[in-house]
Amino acid sequence: MTRQKSSSAAHRPSQGNRDFRNRIQRSGKSPGDQKNTPRGAPQIPTGSATAPSGILLKAGREKSLLRRHPWIFSGAIERVDGAPFSGDTLPVRDGAGNVLARAAYNPDSQISARVWSFSKTEKVDAEFFRGRIADALAARNGLNLARDSSGMRLIHAESDGLPGLIVDQYGDVLVMQIGSAGAERWRDTCADMLQECCKPACIYERSDSDSRALEGLEPRNGVLRGTLPDNVEVVENDLRFRVDVAAGQKTGFYLDQRDNRALTGTLAHDKDVLNCFCYTGGFSLYALRGGAKSVLSIDASGEALRIAAENLANNGLDSSRAEWLEADVFLALRTLRDQNRKFDLIILDPPKFAPTAAFAEKAARGYKDINLLAFKLLRPGGLLFTYSCSGGISEDLFQKIVAGAALDAGVDAQIVHYLHASADHPVLLSFPEGAYLKGLVLRVAQSVHAP
Ligand code: SAH
């Protein structure tokens, strides 16, 4: 799961290839024959069109598959036989002809295939999806989250063995987000299985993230099964949040921060809190319930702030301690600095600045900027909760960026917590890319560096 793109032009990630006109049609032509191949799309050599469909890897390029990593990049492919269509399940063979996996093919993506199964015998059919979905649901049941929360991530894509499929639960509404050609092909099967297993009032599809364009998929947003209730709400650790599944960000709510929000609540007592990139007020409400003296919350989205204020009222929290500001955080932090405002606890939970490593340098500048400003706004002994949900920024790099920001701000700081996404967003050990969200809680020292 990922944050919406930044609304700050200076930190806006590339839109990628949004040209849908050039998608491979069901023409029977092999992908290599297409004249209008999308800009940046891989050129995969095609073998015999009459041979059985399959992917042949270049010699030595099977290593990642043997480590059970589920992505096959275009550069690892020697050739594709047959005339497969985007979304077809194909056997993947090593140079010696051994079948290593069955994967969903996508000629429009840099990730040319995503593995459904590493088994030589497993068939990828409706029963396969029933089994994978049942496993994911059993894992969530085992977490006992339902005692305090009505929302959780039920299916976390690659990490649940279902590349490209995300399913979030908000009470009796499920929201599906499809981000791969393979999951797109099996969309209705998965919806049927979810309907059967979870019996929701509604399955809503929010397949409209920018990353779909990189897969050559058009955006889709609408009801898949049942009827969408007028008001969708999620209860999280006994706090109620309205979720706009149709127009909100991502699937409507950021479930990945559940545990981190709860931690903030336990540390906010009697503090002046600044919550940057607050969306619908998640961290703010926990801080207020935790006894914060004041909470200033900033977001660029007026609609998110409107829901945040509604959430505050619905939870009976004291609105006199809450202030909402619609602004660009990059500018607002400078204004607060110029006003000499100080806080005891600051949260920085920005959108994804770097979807891939290619954006890392620019993203690093953005992270350094906001962290440096936040360090300057903290009182001695204050706490900074700082996050990155960028797949293109490693945990190690993020820590280095934050360390650089502290140095330039002239403060010493200690890491008191290393944070990640909540347990309903598991990370498959063979798929480290699943660990997109990282956070640090830092306590700044009582004194600043001598000039
Ligand atoms: N912390 C939130 C999730 C944050 S998502 C939670 O717990 O629910 C990132 C948020 O950053 C979005 O609400 C988006 O509107 C906002 N945003 C993006 N760019 C921004 C900018 N430059 N200034 C202020 N807000 C921004």
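Reckoned from all heavy atoms, side chains included, excluding hydrogens, waters and symmetry mates. Note that the coordinates shown come from a computational prediction; the quantities given were computed from them, not determined experimentally. Remember, it's 1-based here, ligands and their atoms both numbered in the order they're listed.
At least one N/O-N/O distance between D328 and ligand 1 falls below 3.5 Å. The shortest N or O to N or O distance between V329 and ligand 1 is under 3.5 Å.
Nearest residue to atom 25 (N) of ligand 1 from A300, A308, S297, P351 is A300 (criterion: closest heavy atom). Summarising the contacts of atom 6 (C) of ligand 1 with Q249, R258, Q257, R261, the nearest heavy atom is found in R261.
Short contacts between ligand 1 and Y279, defined as distances under 4.0 Å to a heavy atom of the residue, involve ligand atoms 2 (C), 3 (C), 4 (C), 8 (O), 13 (O). Close contacts of ligand 1 with S301, meaning ligand atoms under 4.0 Å from a residue heavy atom, involve 15 (O). For ligand 1, the atoms lying closer than 4.0 Å to a non-hydrogen atom of A327 are 23 (N), 24 (C). The contact set between ligand 1 and F283, taken as ligand atoms under 4.0 Å from a residue heavy atom, comprises 1 (N), 7 (O). Less than 4.0 angstrom separates some heavy atom of D349 from each of these atoms of ligand 1: 1 (N), 2 (C), 3 (C), 4 (C), 9 (C).
Ring geometry, W71 versus F73: the interplanar angle exceeds 60°, so the pair is classed perpendicular (tilted spans 30 to 60°). Between H69 and F431, the ring planes lie tilted relative to each other; the angle falls in the 30° to 60° range.
For the ligand labelled ligand 1, residue D299 lies inside the 4.0 Å heavy-atom shell.
Using a 4.0 Å cut-off between a side-chain N of Lys or Arg and a carboxylate O of Asp or Glu, R185 and D88 qualify as a salt bridge.
For residues 200-242, the pairs satisfying ring pair (Phe, Tyr, Trp, His ring centres under 6.0 Å) are F241-F253, with sequence neighbours left out.
Taking the six-membered ring wherever Trp is involved, the centroid distance between the rings of F359 and F353 does not fall below 6.0 Å. Aromatic pair W186/F128: ring centres not closer than 6.0 Å.
Only the side chain of Y254 comes within 4.0 Å of ligand 1, judged by heavy-atom distances.
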